[in-house]
Number of protein chains: 2
Amino acid sequence: MADRPQKAEWFGKTRKGTRPKGPVARGREKAREGMTRARAMAPSATPLWRKLGSYLEIRDEEKGFLAELERTIVGHPPRTDLLRQGERYGDVRVMRDGWAMRHKALPDGRRQVVNFVLPGDIIGIYCNLFDIADHSVTTLTAVSVANFPPERVVELFQRFPRLAAALAWAGAKEEAIVAERLLSLGRRTALERTAHLIVELLRRLTVVNLAENGRFTLPVTQEILADALGLSIVHMNRTLRRLRDGGLIELNGQKITVNDLRQLASVGQFDELYLHLIRAPKRLDQVFDTTRGDRGDVRLA
Amino acid sequence: MADRPQKAEWFGKTRKGTRPKGPVARGREKAREGMTRARAMAPSATPLWRKLGSYLEIRDEEKGFLAELERTIVGHPPRTDLLRQGERYGDVRVMRDGWAMRHKALPDGRRQVVNFVLPGDIIGIYCNLFDIADHSVTTLTAVSVANFPPERVVELFQRFPRLAAALAWAGAKEEAIVAERLLSLGRRTALERTAHLIVELLRRLTVVNLAENGRFTLPVTQEILADALGLSIVHMNRTLRRLRDGGLIELNGQKITVNDLRQLASVGQFDELYLHLIRAPKRLDQVFDTTRGDRGDVRLA
DNA sequence: CGTTTCGTTGAACTGCGTCAAGTATCGTGG
DNA sequence: CCACGATACTTGACGCAGTTCAACGAAACG
């Protein structure tokens, strides 16, 4: 297309990096370790099984329980609301296949996409507590989800504390992702946000084997992307163009290819800590095995 | 239109549309009064006890365990880092008294405050999983916190599933707050964000008896507020001025008084769902008592 | 009491939003 | 096979909300 500046500083200045005050500016080094963790589990495993399995070795009886949870499978077409802001929660759902988005809307229609729901993610696990949803979940592709009643979660907490812990930690990871997006919306420019999101998605999808060679399907319109990044559609489009013209990414329909991951991550100020967090968590097994509490009776009295 | 609107539409259009240009006459009063740092404290219950107690009736043995958790109390002066992004997690901490903030920083120093930590809130409960922190926590006031080693969390999951569930749900509530702030940063104007945050804080503080008659202490500089709302200091200041000139709030040092809650909530597009969520959660007791799983042995094998 | 830190305000600038209009692309019915 | 909306993607022109720069007063602090 049009000849544009090449590589290096193609994007011009990213922002005034200097901030006069603020005690926080420690240097952080690469943290390049820890690459060794293998994540792929048995192919037969269900998404939830696989997700929790990344935190600890699932035991047989736990395996059985999880399998039972994911017994009822339902499919939904794209653009279906699985949950609607302001309405009651239904069953708990585990995304098995496909994409969805979690989003919130203002009364006047402005909308914010909070997060993307990928295979293995859970929807509405806390419905026992908040019976009315404060957000919506809408499918982006055709999906297949497993449904089960919320009481099963309580049962899980009672009978399988290790799974409960894994679940809680999975929730914490999600919160960390949302917090990182908050940092994006609050303090990153449009270009930085966009770059950051692309890198994040690439990482998350790589973990679940949905991306390879920096290439993945992004089943999302630019409008939705804009709603995720707090931008207007027009500016979203222009920002993507800048990334394309800079040669960092390629777009063909819903296929996106990351050509220069290093630079994209650098533009997005992608933090290696964050990376570590969304990729390979510490294993819980030994923590559990070490700790006393083995008199495992739930009620002492 | 009148060039100096009263009440009602004093702020002009909130989003799109033209802003009636021209200087807004401002009566600036500077009454600076003694800074009382009043802070109601619980007569008997510890903050954690009280927090989890809002989800379910704490039993005696659970009470004992919680009390033990909060045995080691440590005080810290204002502006102390309790946790530093990029460093290892230490003990788990429960905020007993005072304010802190959770924040993340970009390498170049730009900073985003993710949330404010109030009495009863927990810091670093998931350190078992992520041994390196992706965010910092810094005190805003003098605080008193309870410390305990992370293994106690594991123990709690193993021995007290009801508490574990309450803890998980408390975490979910926090995530909901962060998600709502995400909506603010993504889709609300500066004025709306500010109004929304003030209403949110008023609600949260009222629950723990740290606010009355719409009046509370906000131990925060405008810079920190700006970092929480994704604004520049200058614009933060101007936005607060608009709220003051509109008569919605009053500020004296760190005391803030909400004069017109209704209108403030309306400006901030404060959602009642969200309100419900941060205030009074559903009780878990009966959910637990109903569900089977009473053979409460932790390990079947 | 000097030195920071915090708050405040004017003025100029800019990243991003809004408006408007045009261009693929695709499914659907004729 | 071609019109046909309909939806998504692009791009130019312009305006505004919010940023940056700069400067100063006032409170907090040691």
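Just so we're on the same page: letters track the sequence lines, and every chain starts at 1.
Applying the salt bridge (charged side-chain N to carboxylate O under 4.0 Å, His left out) test to A:Asp81 and every residue at least two apart in sequence or in another chain returns A:Arg84. Scored by the salt bridge (charged side-chain N to carboxylate O under 4.0 Å, His left out) test, A:Arg102 finds A:Glu174, B:Glu175 as partners (sequence neighbours excluded). For A:Glu250, the side chain to side chain donor-acceptor pair (under 3.5 Å) partners at least two apart in sequence or on another chain are A:Asn259. In this structure A:Asn237 satisfies the side chain to side chain donor-acceptor pair (under 3.5 Å) test together with A:Gln222, sequence neighbours excluded. B:Arg262 is linked by a side chain to side chain contact (heavy atoms under 4.5 Å, CB included) to B:Asp260, counting only residues two or more places apart in sequence or in another chain. Scored by the salt bridge (charged side-chain N to carboxylate O under 4.0 Å, His left out) test, A:Arg181 finds A:Glu200 as partners (sequence neighbours excluded). In this structure A:Arg96 satisfies the salt bridge (charged side-chain N to carboxylate O under 4.0 Å, His left out) test together with A:Glu70, sequence neighbours excluded. In terms of the ring pair (Phe, Tyr, Trp, His ring centres under 6.0 Å) criterion, A:His135 has no residue partners (sequence neighbours excluded).
With no hydrogens or angles considered, a side-chain donor-acceptor pair links A:Glu180 and A:His196 at under 3.5 Å.
In this structure, the helix from C:dC1-D:dG30 to C:dC26-D:dG5 shows an angle of 50° between the axis at its start and the axis at its end, each fitted on 5 base pairs and rounded to 10°.
Between B:Arg244 and C:dT8, a side-chain N or O to OP1/OP2 separation shorter than 4.0 Å is present. The phosphate of C:dT9 has neither OP1 nor OP2 within less than 4.0 Å of any side-chain N or O from B:Arg238. Distances shown here put a side-chain N or O of B:Asn237 below 4.0 Å from the OP1 or OP2 atom of C:dT8.
Rounded to an integer number of Å, the gap from CG of B:Leu185 to P of D:dT19 is 11 Å. Distance B:Arg79 CZ to D:dG30 P: 13 Å, rounded to the nearest Å. When the P atom of D:dA17 is taken as reference, atom CG of A:Leu231 falls 18 Å away, rounded to whole Å. The nearest whole Å value for the distance from the CD1 atom in B:Ile233 to the P atom in C:dT5 is 13 Å. Here the P atom of nucleotide C:dG7 and the CG atom of B:Leu251 are 10 Å apart, to the nearest Å. One atom, CZ of A:Arg110, and another, P of D:dA17, lie 13 Å apart when rounded to the nearest Å. Summarising the geometry, the separation between CZ on A:Arg187 and C1' on D:dT20 is reported as 13 Å, rounded to the nearest angstrom. Atom pair A:Met236:CE and C:dG15:C1' shows a separation of 14 Å (rounding to whole Å applied).
Between the side chain of B:Arg187 and the main chain of A:Leu231, a donor-acceptor pair closer than 3.5 Å is present. A:Asp108 contributes a side-chain N or O that, together with a main-chain N or O of A:Arg110, makes up a donor-acceptor pair within less than 3.5 Å.
Near DNA chain C, meaning a heavy atom under 4.0 Å away, there are no residues from residues 215-227 of chain A.
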Taking only nitrogen or oxygen atoms into account, show me every contact under 3.5 Å that the protein makes with nucleotides 22-25 of chain D, one pair per line with its distance.
none

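Within the structure, ring-ring contact (aromatic ring centres under 6.0 Å, His included) contacts touching residues 199-230 of chain A (residues at least two apart or in different chains) do not occur.
Of the candidates D:dT10, C:dG17, C:dC16, C:dC16 carries the atom nearest the A:Thr189 side chain, counting heavy atoms from C-beta on.
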